[in-house]
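This one's a predicted model, so the numbers in the text were calculated from it and none came from an experiment.
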Amino acid sequence: MAELIQSYYGGAHRGGAKGTFEKRYPATGEVIANVELATTAMLDEAVAMAAAAQKDWARTSVQERGQILIRCAHALMGANEELSRLEVRDVGKVYAEAVSGDVPSGPDALEFFGAAIMTYTGTHHQWDGGMGYTRRVPLGVCAGIGAWNYPTQIALWKSAPALAMGNAFILKPSEMTPIVSNRIVEIMEEAGLPKGLMNVIQGDHTIGTAICEHPGIAKVSLTGGVATGKKIMAQSADSLKRVTLELGGKAPLILFEDCDLDKAAATAMEANFYTAGEVCSNATRVFVHRDIAGEILARMKAMTEEMTVGDPMSEDVQMGALISENHLKKVLGYVEKGVTEGAELITGGKRVHPQGFEGGYFMEPTIMSGCSDDMTIVREEIFGPVMSVLIFDSEEEAIERANATHFGLGAGLFTKDLSRAHRVADQLEAGNVWVNTYNLIPPDMPFGGAKQSGFGRESSLYAFESYSDIRATYIALDDD
Ligand code: NAD
């Protein structure tokens, strides 16, 4: 039977919503939950409760705040398997990925920010007859609006620095993935987080718009598409809300002729097929030097054809479902367009109906070669398991073509030449650049975009800047 999912704020599940949204399990297509869409009256109530809780929280010492958040992190780590099963229900990704990487990356951030806030300091200044110091102060009530690919990670990457800094937080998960967030907050409260500090408002863009316009919310952080990012900025203008944006990408991965072929081929595949390709920083434009193109393509084709698509909970499966029927159709449409525009379909490209999961939203991992920079599949974010392979001849050419996009989230390169590695990494226009690896984001490294992939950073001490103001205090030391 489908469960009922409500908003969760002020320490309790809340009714009073104005309608429901059907949540389907991507692996079967069955309705597994009915989600109540929060009203603006409920948002008002949540903001008032969050604002009340935030006053005490901001006065709590950083040592105590940090310790509470670390306890919450450890409680969430203890619930890793439970949360991973919920994340699979939400997203349809394979359990092995959820439990080993996607879900633990959330509590890892909470632990990092809990520890970091205890030693976070401002600056000190000294003048004739005076001294000064700066410190970071919380903004008040902050909000996060999430995409559907990493619901646990998005919930905690946004809320962890906000809470550590002394803010209260309101999370609006994507309407496509409403399941895991409420449980995250329950576990944090069981571990000692005061009620009202972490709140979940369920709903779609309508309540998302209300969040942006709400005068009681000081800041909104979005993870979503570029078009949504532009709307969020406009909607937040009237209340002069601070905005940070984690948006889409079309990252390049450059495989130079001297690279480790096995490692480069395996990494390129992971950078396209992990979470069924629904990863913002995925390297979907794989630039391969002409001298190794045949070798790399042969390796990737063979490995891709060995992948099993199907039941996300099965240990024998390497790729799960896409998020929805509509999204699957959109991704398959891109494959068709690629072929029409002249790309060669090396492998994949078709919908699949695994036994026992015939109603799920599955497709084969797909490699397209012979791609050119002006093709739709090379220019637009597909957000599915579709890799475009592009051939290049020189380093300068690869850099220029890699940068010829309005996106700038991730970029990567494979080479054994140390000088080339630094030279090229320095010229790639992206917030995150990986050398001889891809998509690794430890909590102490910043993550975020350049160009139209957004601004602001998650993870690392830089994230504190997104959830605080600077207060500069000048103290006169002479009595004249
Ligand atoms: P989306 O932009 O459609 O929706 C994102 C969120 O915004 C959802 O919660 C949605 O309800 C809300 N929303 C939509 N319109 C709104 C409005 N006008 N006002 C307020 N809220 C609104 O994105 P999606 O389809 O959920 O996710 C896929 C996109 O997210 C891709 O472009 C992907 O690259 C991006 N993404 C980026 C990152 C990153 O860290 N940079 C991470 C994951 C996903």
Side-chain angles (χ1 to χ4, degrees), residues 25-29 80-81 83-105 148-153 177 251 253 255 261-284 286 296-324 327-328 331-332 334-335 345-369 382-389 412 434 437-441:
Y25 181 36
T28 60
N80 188 33
E81 292 179 6
L83 293 173
S84 298
R85 281 193 296 273
L86 296 179
E87 174 129 340
V88 170
R89 304 285 281 167
D90 261 336
V91 186
K93 64 175 64 170
V94 290
Y95 177 76
E97 290 177 359
V99 81
S100 63
D102 306 359
V103 169
S105 70
W148 42 255
N149 55 347
Y150 283 76
T152 303
Q153 182 184 90
T177 52
L253 177 64
L255 310 184
L261 294 187
D262 285 330
K263 199 173 167 208
T267 306
M269 285 179 54
E270 198 168 314
N272 275 274
F273 303 144
Y274 194 87
T275 315
E278 297 166 327
V279 182
C280 50
S281 49
N282 262 2
T284 49
V286 179
I296 288 276
L297 268 174
R299 278 173 163 83
M300 292 197 301
K301 180 176 188 306
M303 285 191 285
T304 301
E305 288 173 356
E306 275 173 19
M307 287 176 69
T308 307
V309 179
D311 178 6
M313 296 305 290
S314 164
E315 284 176 10
D316 302 325
V317 160
Q318 285 82 47
M319 205 174 85
L322 275 71
I323 189 71
S324 67
H327 187 58
L328 171 66
V331 175
L332 291 170
Y334 271 113
V335 175
L345 183 59
I346 299 292
T347 187
K350 290 192 296 297
R351 182 171 189 164
V352 282
H353 299 278
Q355 202 184 355
F357 292 82
E358 289 80 2
Y361 317 128
F362 298 95
M363 70 176 280
E364 295 166 330
T366 303
I367 301 178
M368 315 279 281
S369 186
I382 299 175
F383 220 56
V386 181
M387 178 198 298
S388 297
V389 177
W434 290 277
T437 186
Y438 202 77
N439 259 349
L440 296 180
I441 313 162

For the backbone of [Y] and the side chain of [X], can you confirm whether one donor and one acceptor N or O come within less than 3.5 Å of each other?
{"X": "H327", "Y": "F383", "result": "yes"}
{"X": "Q318", "Y": "M307", "result": "no"}
{"X": "N282", "Y": "A251", "result": "no"}

Is any side-chain heavy atom of [X] less than 4.5 Å from a side-chain heavy atom of [Y]?
{"X": "P365", "Y": "V309", "value": "yes"}
{"X": "F273", "Y": "V386", "value": "no"}
{"X": "Y274", "Y": "M319", "value": "no"}
{"X": "L322", "Y": "E278", "value": "yes"}
{"X": "T177", "Y": "I323", "value": "yes"}
{"X": "V91", "Y": "P151", "value": "yes"}
{"X": "P26", "Y": "Y361", "value": "yes"}
{"X": "V389", "Y": "M300", "value": "yes"}

Do you know which two heavy atoms are closest between [X] and [Y], and how far apart they sit?
{"X": "L345", "Y": "G349", "result": "CD1-CA, 4.3 Å"}
{"X": "A321", "Y": "A276", "result": "O-CB, 4.0 Å"}
{"X": "S84", "Y": "Y95", "result": "CB-CE1, 3.6 Å"}
{"X": "V331", "Y": "P385", "result": "CG1-CD, 4.2 Å"}
{"X": "L253", "Y": "A283", "result": "CB-CB, 3.6 Å"}

Quick one: side-chain hydrogen bond (donor to acceptor under 3.5 Å, both in side chains) partners of [X], sequence neighbours excluded?
{"X": "Y150", "result": "T275"}
{"X": "E87", "result": "K93, T152"}
{"X": "S369", "result": "none"}
{"X": "T366", "result": "none"}

List for me each residue that meets side-chain contact (heavy atoms from CB on, under 4.5 Å) alongside [X], sequence neighbours excluded, and say none if there are none.
{"X": "T347", "answer": "K301, T304, E305, I367"}
{"X": "V94", "answer": "E97, V317"}
{"X": "R89", "answer": "Y25, I32, I179"}
{"X": "S100", "answer": "none"}

Any pair with a residue in residues 348-368 that passes salt bridge (charged side-chain N to carboxylate O under 4.0 Å, His left out), sequence neighbours left out, goes on the list, sorted by first then second residue, please.
->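 For residues 348-368: E325-R351, K350-E364.
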
Can you pull the salt bridge (charged side-chain N to carboxylate O under 4.0 Å, His left out) pairs that have at least one residue in residues 311-321, sequence neighbours excluded?
->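 Matches after skipping sequence neighbours: none remain.
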
Chi angles and distances behind the side-chain contact (heavy atoms from CB on, under 4.5 Å) call for N439, V279 | CA-CA 9 Å; N439 259 349; V279 182; 4.0 Å; yes

Taking only residues two or more places apart in sequence or in another chain, which ones pass ring-ring contact (aromatic ring centres under 6.0 Å, His included) with Y438?
->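 ring-ring contact (aromatic ring centres under 6.0 Å, His included) check on Y438 returns W434.
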
Could you please spell out the steps behind the side-chain contact (heavy atoms from CB on, under 4.5 Å) verdict for M313 and V88?
-> CA-CA 8 Å; M313 296 305 290; V88 170; 3.8 Å; yes

Nearest 0.5 Å please: distance from the OG1 atom of T284 over to the CE atom of M368.
->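 Between atom OG1 of T284 and atom CE of M368 there are 12.5 Å.
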
Residues 262-271 side chain polar contacts: donor-acceptor under 3.5 Å, at least two apart:
residue : atom : partner : partner atom : Å
D262    : OD1  : R299    : NE           : 2.6
D262    : OD1  : R299    : NH2          : 3.4
K263    : NZ   : N436    : O            : 2.9
T267    : OG1  : K263    : O            : 2.7

